[in-house]
Amino acid sequence: MTRRPTLLAVAVLAAALLMACAPGREFVRNGQQMIEQGRLEEGLSQIDKGLALEPGNTEYRMLAIRQRETQLGSLLARADGLRSDGKLDDAATAYRRVIGLDGANPRARSGLEQVELARRDQARKAQRPATAPQAALEDATPAVLKPSLRKPVTLDFRDANLKSVFDALSRTTGINFVFDREVRPDIKVTLSIANTSIEDVIGILAVTNQLERKTLNDNTVLIYPNTLAKQKDYLELAVKTFYLANAEAKTVFAMLKTVLKTKDLYADERLNSLTMRDTADAIRLAGKL
């Protein structure tokens with residue numbers, strides 16, 4: 001007597017035939033599950049195995065490409081964010097993970113280089129004490145007159161010698177004035193002011209007589225001719241190197257040249273750094289930019 005196959009036997013047979021017709025399907029399915037579980041490398045490997053079993057399967061090929069691009073993009077975005085937050089070790093791990101999946105990925109390799117530059121910069125700051133000019137640049141604030149000397153003044157002069165006016169200011173405020181040897185003391189000054197701040201008075205005298213001033217400490221002001229040669233003599237220049245993480249050196253170079261008119265500026269594209277020689281105020285502003 002011939003027995004008819006049961007429904008269960010038919011289902012098993014159909015599944016076996018399906019698997020036989022699609023030998024890579026199980027690998028692809030397992031790979032997707034692994035990726036969802038966070039096992040990225042294993043999952044992509046499983047999908048690649050499924051594709052190897054069915055090299056002509058367009059569906060598997062597109063799935064492998066989409067998964068790889070999506071997961072790599074997510075990893076790179078995370079690595080960039082960690083680097084921006086200063087978490088250099090975590091960022092390096094993420095970049096290396098990308099390189100493990102795509103050895104030629106230029107963004108990951110560039111990110112690793114930026115991480116290494118940031119580490120070197122941190123090491124230099126931690127191991128080498130700042131020199132006196134650096135300490136003055138980074139820690140000290142520009143000299144200003146102490147508040148007790150900045151009280152308003154009232155003055156009235158007609159054709160007085162410049163030095164006589166400054167002598168009167170010194171007696172009234174307690175500020176010491178030091179003159180460059182090329183400042184002519186016999187310059188005639190006519191000045192009538194009332195209840196004006198000492199900073200404004202000094203500024204008016206400087207501008208109207210082609211002079212410039214520099215506060216040396218909390219009670220001393222230097223007066224010198226407003227010429228290019230004297231500016232070079234009295235403006236304190238400092239040198240600082242900026243190591244860039246989120247911009248290209250040549251781009252920032254062009255911006256600083258345009259915005260700050262800085263002349264002594266050097267860009268090192270290999271290290272993605274800029275070295276700047278300018279006044280402390282200009283360098284501070286460059287740092288903010």
Side-chain angles (χ1 to χ4, degrees), residues 80 83-88 91 110-111 113-147 149-150 175 177-178 180 182 197-200 202-203 206-207 210-289:
D80 290 343
R83 178 166 58 84
S84 297
D85 292 341
K87 299 177 180 177
L88 301 182
S110 176
E113 291 176 2
Q114 296 302 318
V115 167
E116 188 58 33
L117 287 175
R119 281 175 171 165
R120 291 178 193 170
D121 193 35
Q122 288 181 351
R124 277 193 294 267
K125 291 179 180 178
Q127 297 174 6
R128 185 178 63 195
T131 61
Q134 278 183 314
L137 173 63
E138 295 176 359
D139 301 325
T141 56
V144 294
L145 295 172
K146 55 187 176 183
L149 300 181
R150 299 202 299 253
I175 297 173
F177 291 99
V178 180
D180 178 88
E182 293 186 14
S197 71
I198 185 63
E199 289 96 339
D200 288 344
I202 297 172
V207 171
Q210 291 77 53
L211 301 172
E212 190 54 86
R213 77 278 196 192
K214 178 182 179 181
T215 303
L216 300 179
N217 54 42
D218 62 1
N219 70 341
T220 306
V221 176
L222 168 69
I223 304 297
Y224 60 92
N226 187 10
T227 63
L228 183 60
K230 290 299 178 181
Q231 287 179 2
K232 289 182 178 179
D233 287 341
Y234 290 116
L235 285 178
E236 296 176 357
L237 300 181
V239 177
K240 186 173 179 65
T241 298
F242 298 95
Y243 294 93
L244 308 177
N246 299 310
E248 293 184 357
K250 61 182 180 180
T251 302
V252 180
F253 178 91
M255 178 186 69
L256 293 181
K257 280 283 190 181
T258 302
V259 176
L260 298 183
K261 310 298 182 185
T262 296
K263 294 182 179 179
D264 294 338
L265 191 62
Y266 171 73
D268 188 329
E269 294 188 25
R270 184 178 61 85
L271 295 177
N272 202 39
S273 68
L274 288 172
T275 299
M276 178 178 178
R277 180 176 181 269
D278 211 320
T279 63
D281 287 340
I283 289 178
R284 287 190 189 94
L285 181 54
K288 292 179 180 179
L289 291 174

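Heavy atoms only: backbone and side chains are in, while hydrogens, waters and symmetry mates are out. By convention here, the first residue in the shown sequence is residue 1.
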For E113, the side-chain contact (heavy atoms from CB on, under 4.5 Å) test, sequence neighbours excluded, returns none
Going from NZ on K214 to CD1 on I223, what distance comes out if it is rounded to the nearest 0.5 angstrom?
12.5 Å
When rounded to the nearest 0.5 angstrom, what distance separates CE in M276 from CD1 in I283?
5.5 Å
Test of understanding: with side chain to side chain donor-acceptor pair (under 3.5 Å), list the residues that count as partners of N219, not counting sequence neighbours.
none
Check step by step if side chain to side chain contact (heavy atoms under 4.5 Å, CB included) holds for L265 and L256.
CA-CA 9 Å; L265 191 62; L256 293 181; 3.8 Å; yes
What residues form a salt bridge (Lys or Arg N to Asp or Glu O under 4.0 Å) with D268, not counting sequence neighbours?
none
Contacts of D80 meeting side chain to side chain donor-acceptor pair (under 3.5 Å) (sequence neighbours excluded), chain-then-number -> Y95, R107
Residues two or more places apart in sequence or in another chain: which of them pass salt bridge (Lys or Arg N to Asp or Glu O under 4.0 Å) with E248?
none
Can you name the residues that form a ring-ring contact (aromatic ring centres under 6.0 Å, His included) with F253, not counting sequence neighbours?
none
Nearest-0.5 Å distance, CG of residue L274 to NZ of residue K240:
12.0 Å
Spell out, as yes or no, whether a donor-acceptor pair under 3.5 Å connects the side chain of N272 to the backbone of A249.
yes
Is there side-chain contact between R83 and Q114, with heavy atoms separated by less than 4.5 Å?
yes
Is any side-chain heavy atom of Y224 closer than 4.5 Å to a side-chain heavy atom of E182?
no
Suppose we screen for side-chain contact (heavy atoms from CB on, under 4.5 Å). Which residues come up paired with E269, at least two apart in sequence or across chains?
K250
Calculate, to the nearest 0.5 Å, the distance between atoms OG1 and CD1 belonging to T215 and I202 respectively.
7.0 Å
To the nearest 0.5 Å, tell me how far R213 CZ sits from E199 CD.
9.0 Å
Applying side chain to side chain donor-acceptor pair (under 3.5 Å), can you list everything that pairs with T241, at least two apart in sequence or on another chain?
T275
Could I get the full list of side chain to side chain donor-acceptor pair (under 3.5 Å) partners for S197, not counting sequence neighbours?
D200
V178: which residues meet the side-chain contact (heavy atoms from CB on, under 4.5 Å) condition with it, sequence neighbours left out?
T220, L222
For the residue pair S273 and L244, establish whether any side-chain heavy-atom pair is separated by less than 4.5 Å.
no
